[in-house]
Each structure stands twice: as C-alpha cells, then as structure tokens.
J.: 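Sharing a structure, written as structure tokens. Questions coming.
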Amino acid sequence: MIKITFPDNNVREFPKGVNAIDIAKSLSNSLAKEITAIEVNGEIWDATRAINEDATIKLFKFQDEEGKDAFWHSSAHLMAETLEFFYPGVKLGIGPTIENGFYYDIDLPEGKSISDNDFPKIEKKMLELARQKNQFIRTEQTKAEALKYFTEKNDEYKLELISELEDGTITFYEQGNFTDLCRGPHIPNTGIIKAVKLLKIAGAYWRGDEKRKQLTRVYGISFPKQKMLEEYLNMLEEAKKRDHRKIGKEMELFTFSKSVGQGLPLWLPKGAMLRERLENFLKKIQREHGYEPVITPHIGQKELYVTSGHYAKYGEDSFQPIKTPNEGEEFLLKPMNCPHHCEIYKSKPHSYKDLPIRYAEFGTVYRYEQSGELHGLTRVRSFTQDDAHIFCRPDQLKEEFLKVIDIVLYIFKTLDFANFETQISLRDPDDHSKYIGSDENWKKAESAIINAVKEKGLNSVIEYGEAAFYGPKLDFMVKDAIGRKWQLGTIQVDYNLPERFELEYVGSDDKKHRPVMIHRAPFGSMERFVAVLIEHTAGKFPLWLTPEQAVILPISEKYNDYAKKVSNILNNYDIRSFVDDRNEKIGKKIRDNELKKIPYLLIVGEKEVDSETIAVRKQGHGDIGTMDIKEYADFIRLEIEKQLAN
RNA sequence: GCCGAUGUAGCUCAGUUGGUCAGAGCAGCUGAUUUGUAAUCAGCCGGUCGGCGGUUCGAAUCCGUCCAUCGGCUCCA
C-alpha cells in the first residue's frame, strides 16, 4: 500500500500501482469519467500512469488548465492520426496546446495541399476515431529505438527533435494507429473527445526560424461536450462583433489611410473627443498624485539614442534618421520618451529632498513595426503613451510602486475592468549575466515589487527570466467582458538609463547618488487602451466617456425648435447632445440612434412642448418615463458621478 | 519581413466558363408625407471594379508586379 495525499491534506492508502482513474473512482464514478490528468509530486502525469510510491496528488478535469492541456494535446495527436489517414506520408513537426485549443505543424507530401474545405471531413474522421475510445499508451524508448522508428517513418523533423533529447528521457505515446514522440501527459482514451472543430490554417517556419522550411500549421479546438464547442463558437462570433476595427469604423472613432501610411492611425472627431476625455481623466489623477506635466519634441538627435542604447539595439530595424541640410546632422523620431525626460531631470541639480520627481507626458512615439504585425489600434507605428518617469531613491521604490498601483486600480475600477491579474517579471535566477545593475539593487527592486503586490492583495504570477535587461517589471492583464485577456498597464524599474545618462542627486551625506527610474503607463498607450475599451464595452462606453450622450428626437418638424432648445439647455449642463432633425418617422429615428449606441434618446412632441419636458428612452432599455429638463440633467450628473466615484 | 487569402460606390456585398455586368441594399441629396417609441414612399447623385503593366478583337473576370487589408509566423524598447 502507498499513501496518497490529497490537496486538502487528507491522506488515504491505495494499493501500489494505483492510477488517477482508480483514485477518482474511489471518490465517485462520474468524477472518474472526467479526469484528464493528475499532478503527482509536482509533475503532471497521465491519468492512467501507475503510481508506485507515496505521493501528493491533485486530480485535473477539463476545467483545469492542466486538464485542458492534456485534453487538447491529446486532440492534437488525434488530428495528426487523422491527417496521416488522409495524407499518407505527411511529416509531422510539433503539435502543442495553445491558449485556446491546439495546432500541429505538418509538412504535406509533394503536390498535396489542405484548405478550409477539407476541415469537415477531417473533423468527421477525428470524431469517428475518438469514438473508438483508443487508449493513449505511454512507452519509454531508448534514443536508438526512437531514432530508428522515425528513420523508418522518414520524418526528419522528429529526428531532429530526438537528436536534441537526452537518452533515458524519451517517451512515445500511441493511440489507435498513431505513434508520436511526446512528453505527455495525455488523457486516458480518445473517447472523451466529443466535439472537434478545425479553426484555421497558416504557414509557420519550422522551429520559428525564417530561414528554415515553412510548414503548414493546422489549428483546432476540442471539447468534452458538444455544448462547450457551441459556446466557444458563439464567443468567437461575439468577439467578431466587438472587433474594435469594425466598431471604430461604424462609430467614426478612427480610420487609416493608405496615403498617410500603414499603421498610422487618424483619430476622427468623435474618437479624438473620447481620447481627450480619457487623457483628462488620467491627468486629474496624476495631478492628485504629485505628477508634473512636461512636453517634449517628437524628434531628438541620434546621439541621444546612442547614449540610451536604443540605437544600437533597434536603429537598423526602425525608422531611419532624418537628415538636415547640415552635413552629418541626424535626428530620430522618438521611439520612447524616456531619454527626453532624463534630459529634463538633468537640467538642474537635485537634492535627495526633491525626490521622487514624477514627469508625466502623453508622448507620441514612433516605432517601425513589421508590416505583417500591424493590427487595428493595438499594434501601430505611431502611438501615444500615457507615459511618466519617476526618479526616486532606492528606498522610495516600494512606496512609489504602491502609488502607481493605486492609479492603475482606480482606472480599472472606473472603467469596469473587474477581472485582472498581474505578472511580476523577474531575473532568470540561473543567469544574472545579461542584466545590468548591481545584485543588491535588483534584489531590492524585486522584493519591492513583490511586497507592493502582496500588500495590495493582487492576483499575480511570477515569471522568472521575463524581466527586461534593465530592470524587473509589473504588468497588468485585464479580462474583458467576454473573457479575453489583454495586456494593458506596465510599471518597470530601470537601472540602465540613470547609469547611461549619469543621473544624480546629492544625498544627505553630501555625496552623489544615482536615482532609480520607474517607467509607467497605466493605459499602456491611448491607441491600445481605446481598442481594448471598445472590445470590452462593444462600443457602449460609460456615459462620462462616450462621445454623444443624448440625442433629441422631435416627433415631427414642428418640434425641431423645441428640440434645439432642449439641446442647448443640456449642453449648458455639460451634457453632450444633438438633434436628429431628419424628416423621418420617430420609429426610424429611434432605430437608427439605438444602433448608433447613443445612451439616451430624448423624444419630444406636442405633449413635451406643452409641459416643457422630455420623454427619456435609455439605449437597450426602452422608455423610462417623462422628466423635465433639469430633472434629467441631475439624473445624468448622478449617473456620471457614480461612475467616477472612487 | 515571410506564407496564405482578399481588394467592386461613403458602408455591407452581388457579379456563373473573358462578350449590354458596372449592379443591389444602406448612407447622402431632392420632393411628397408631419409622423408618439426599432426601418413611410418616390426620384436623384455616386465607382478608371486597389495602382501600374501585359495577354486578347474584347478584361472587374486571365497573367505579372506593386500597394493595402485580413489570418498566421517572426518581432514588440
């Protein structure tokens, strides 16, 4: 007998050789059917793998991340089996799980191709094979055996992978007529895969190397229940409807022009108004938090970026220097605001008593992103960072971090991003060589971030090796209304630039010290933030932010004058309104303005004119009654105050 | 940048094998109607069919090339 410790620290005895399914069965039969994987002493195992020693375990179902991983990875094998059936001689690259589903990179035999039209038959065959309930059988292989198998199969991709593995660590998995090199784990058998959908096809280089052969990547997703697939497909539909590129066009927020250039957004009046309100919102918070506004030019001498080190790293692959009539004089479009802010810091000497100094600027920067990478407002070549740089003493780091976190949390709360998590990016613990700055400072900064996050009680994951070479950072990821994750704000510690720009302050010891710099952008960039906000709200912005808050709809032309009067009064109350005086029936005007997502439709006809009132209709809710104008203005003001309340 | 797909009016899209195929709806304009809570009717305007070049008697349609967009890859200070 062996001792099995459950997550709740319960310990029970099982016969040696027990597996996850057996353990689950001892709890409930229905649970046993749902188990896809198990954690055994910190390692993820197959649910059917025998446990021969005392162990601490955790059972996983599809709902768990680890359970999904096994499920989708197994589905990738099932897809590979099916592809071998339809395309004999196909060579297989890698087939991992991704955030939503899985893919397999394949090299089709000469002259063969695969397209969306082939998906239905592949899906059908996959389900047919799934229904055979073929077990996933794990076998350990010697390197020689493994090489022999794939040499006979003539799959150079697997051979390459195996050649890099250490002998004694190689395992194969077999299900039905298919055998693959695989670390695992896998689900017990194919039978629990009940729904399958192939999603798309794309080219991908073998091992991500553009000099190597391009393989065909087939993406798919699978579920243990048909209903889950339907829900997922609905979510994709919903995501399509919320696409900020589509809504941005419909609502006339922004556009692009081939003539201006790709990746260079043009903000239309309504978008510009929206953005301005977001900026003012943040400016007000920043004023309250002791930030000082600065303004810097869009270009700087090339030497500035040589000093910062960015020219060496990005110069060749970015916008090229601007030349002037003066021989040898070169300027760069600024790819970031930091060097300019460092120069502002240097414009006068600083005492330790002055710190922290916080310079804030909505600074527009230019980066030559690869053309294929541009995407709506989320990836552009010119964007405006809600940037600020905090210059502080090392002992102030944690305090400043806490304050920045406060700002970010206030923004999330006000804009209704209820779900978010943070990622703390630290040094690679095994290799400190690629990082600049003293060990002591890094330790201080890393613990400052960790403690700040802990103090605020934030949901966070720590990623080792993800820090920038110049310092650790904290990133904020929000989940939008339909569950998609977006990276927004970032707070980064920087030891590099203060060094390179030789920034100093005079300490209480009358000696010169180097300040620490914090880069922070709670929105990330205005472009990206507005894009995420559009997708989060589906264009139904909070009342305080939306470009047009109310539209006045006269029943007929006779009431246009009254409508204009109402609009003027509302505008005096700072409520953004306009009159829809088109010669259309009221039903048509309601429909059009509902579709335009205007939050309030104010209908005026004979009754309203006589009683000096308006009939209020809330977008998506219908008629909510008649009010006089002052009453309505107070009503709106209250709603806005509620939204902005801390 | 690479692979693949796409590009027809302001928007959404038709356009079979190259030959009255330059179309529809919405938007806009004009007129009629004067309307009470999700589409009133009629007329009109609007396109070098992404750009350039080629094949052909003839090209939105076939070929080449460039540009842009989309989906991926790679990248993201």
Side-chain angles (χ1 to χ4, degrees), chain A residues 98 103 105 113-116 199-219 240 243 245-246 249-250 252 255-263 305 308-315 317-318 334-339 365-376 378-381 383 385 387 468-471 473 487 490 492 494 496-497 519 521 524-525 528 553-560 581-596 601-608 615-626:
Chain A
I98 50 177
Y103 67 78
D105 282 348
S113 70
I114 180 169
S115 83
D116 304 14
L199 297 169
K200 59 199 161 205
I201 281 180
Y205 299 107
W206 172 234
R207 317 205 85 175
D209 183 346
E210 64 181 279
K211 292 186 186 65
R212 307 197 61 178
K213 180 154 184 182
Q214 184 142 29
L215 307 180
T216 305
R217 179 167 295 178
V218 185
Y219 287 86
K240 222 184 254 175
D243 192 318
R245 294 166 300 184
K246 181 172 172 279
K249 192 186 253 181
E250 284 166 3
E252 297 180 5
T255 189
F256 290 89
S257 149
K258 203 161 143 177
S259 304
V260 173
Q262 59 176 161
Y305 302 98
S308 74
H310 292 105
Y311 187 77
K313 194 152 188 222
Y314 296 100
D317 301 319
S318 198
K334 70 174 170 187
M336 75 257 305
N337 305 299
C338 341
V365 297
Y366 303 86
R367 298 178 185 178
Y368 190 77
E369 306 294 356
Q370 294 188 78
S371 64
E373 189 48 43
L374 300 171
H375 180 95
T378 57
R379 199 73 198 278
V380 286
R381 284 179 171 167
F383 58 96
Q385 295 177 312
D387 212 357
F469 73 93
Y470 50 78
K473 62 177 179 172
Q487 202 212 303
T490 179
Q492 309 188 356
D494 187 347
N496 180 40
L497 288 182
H519 309 250
S525 80
R528 191 177 167 77
L553 311 180
I555 298 273
S556 84
E557 279 176 11
K558 283 187 275 186
Y559 314 110
N560 280 357
D581 58 3
R582 290 173 306 160
N583 180 7
E584 294 289 351
K585 288 174 77 166
I586 193 67
K588 165 90 163 162
K589 289 192 198 180
I590 287 170
R591 178 182 156 78
D592 288 351
N593 288 291
E594 285 269 346
L595 290 176
K596 276 169 78 183
L601 313 188
L602 311 177
I603 292 147
V604 297
E606 192 177 355
K607 277 185 286 182
E608 288 75 20
V616 182
R617 193 188 152 102
K618 194 174 161 85
Q619 204 264 358
H621 290 81
D623 195 349
I624 61 168
T626 302

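Chain A is the first sequence line, chain B the second, and so forth, proteins listed ahead of strands; every chain is numbered from 1.
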J.: Taking only the side-chain heavy atoms of A:Lys588 (C-beta and beyond), determine which of B:C76, B:C26, B:C11 contains the nearest atom.
T.: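 That would be B:C26.
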
J.: Select from A:Cys338 and A:Arg617 the residue whose nearest nucleotide in RNA chain B is closer to the 5' end of that strand.
T.: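 Its nucleotide being nearer the 5' end, the pick is A:Arg617.
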
J.: Does any nucleotide pair with B:U35 by Watson-Crick or G-U wobble geometry, both distances under 3.5 Å, and what is it?
T.: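 For B:U35, the partner nucleotide comes out as none, under the 3.5 Å rule.
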
J.: From the list B:C67, B:G36, B:A77, which nucleotide is the closest neighbour of the side chain of A:Pro335?
T.: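 Within the option list, the nearest is B:A77.
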
J.: Under 4.0 Å, counting only non-hydrogen atoms across every strand here, what does A:Lys200 touch: a base, just sugar-phosphate, or nothing?
T.: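 Sugar-phosphate, backbone atoms only, no base.
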
J.: Of the nucleotides B:A38, B:C75, B:A27, which one has an atom closest to the side chain of A:Gln370?
T.: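 Closest nucleotide to the A:Gln370 side chain: B:C75.
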
J.: Establish whether the base of B:G36 is bridged to the side chain of A:Glu608 by a donor-acceptor pair shorter than 3.5 Å.
T.: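 It does, because a donor-acceptor pair links the side chain of A:Glu608 to the base of B:G36 below 3.5 Å.
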
J.: Identify the nucleotide, in any strand shown, that forms a Watson-Crick or G-U wobble pair with B:G46, with both distances under 3.5 Å; if there is none, say none.
T.: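 None - no nucleotide pairs with B:G46, as no candidate has both distances under 3.5 Å.
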
J.: Applying the Watson-Crick and G-U wobble criteria at under 3.5 Å, what pairs with B:U20? Answer none if nothing qualifies.
T.: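 The base-pairing partner of B:U20, which may sit in any strand shown, does not exist here.
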
J.: Please lay out, stage by stage, how A:Arg617 and A:Glu594 fare under the test salt bridge (Lys or Arg N to Asp or Glu O under 4.0 Å).
T.: CA-CA 10 Å; A:Arg617 193 188 152 102; A:Glu594 285 269 346; 2.9 Å; yes

J.: Between B:U37, B:U69, B:G1, which one does the side chain of A:Ser371 approach most closely?
T.: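 Selected nucleotide (nearest to the side chain): B:G1.
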
J.: Please report the distance separating the C1' of B:U12 from the corresponding atom of B:G19, rounded so that it comes out in whole Å.
T.: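 Rounded to whole Å, the distance is 29 Å.
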
J.: With a 4.0 Å cut-off on heavy atoms, is A:Lys558 in touch with a base, just the backbone sugar-phosphate, or nothing at all?
T.: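 The answer is sugar-phosphate, as A:Lys558 gets under 4.0 Å only of primed atoms, P, OP1 or OP2.
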
J.: For a quick check of understanding: with a heavy-atom distance under 4.0 Å over all strands, which category does A:Arg217 fall into, base, sugar-phosphate or nothing?
T.: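 Sugar-phosphate contact only.
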
J.: Find the partner of B:U65: check Watson-Crick (N1-N3 plus N6-O4 or O6-N4) and G-U wobble (N1-O2, O6-N3) distances, both under 3.5 Å, and reply none if neither fits.
T.: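 Across any shown strand, B:U65 pairs with B:G51.
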
J.: Taking the minimum atom-to-atom distance to the side chain of A:Arg591, which one of B:A38, B:A68, B:A77 wins?
T.: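 The answer is B:A38.
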
J.: In terms of the nearest nucleotide of RNA chain B, which residue is placed more toward the 5' end: A:Tyr366 or A:Val616?
T.: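 With A:Tyr366 and A:Val616 compared, the 5'-side residue is A:Val616.
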
J.: For the side chain of A:Ile586, starting at C-beta, report the closest nucleotide among B:G72, B:U34, B:G36.
T.: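 Given the options B:G72, B:U34, B:G36, the side chain of A:Ile586 is closest to B:G36.
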
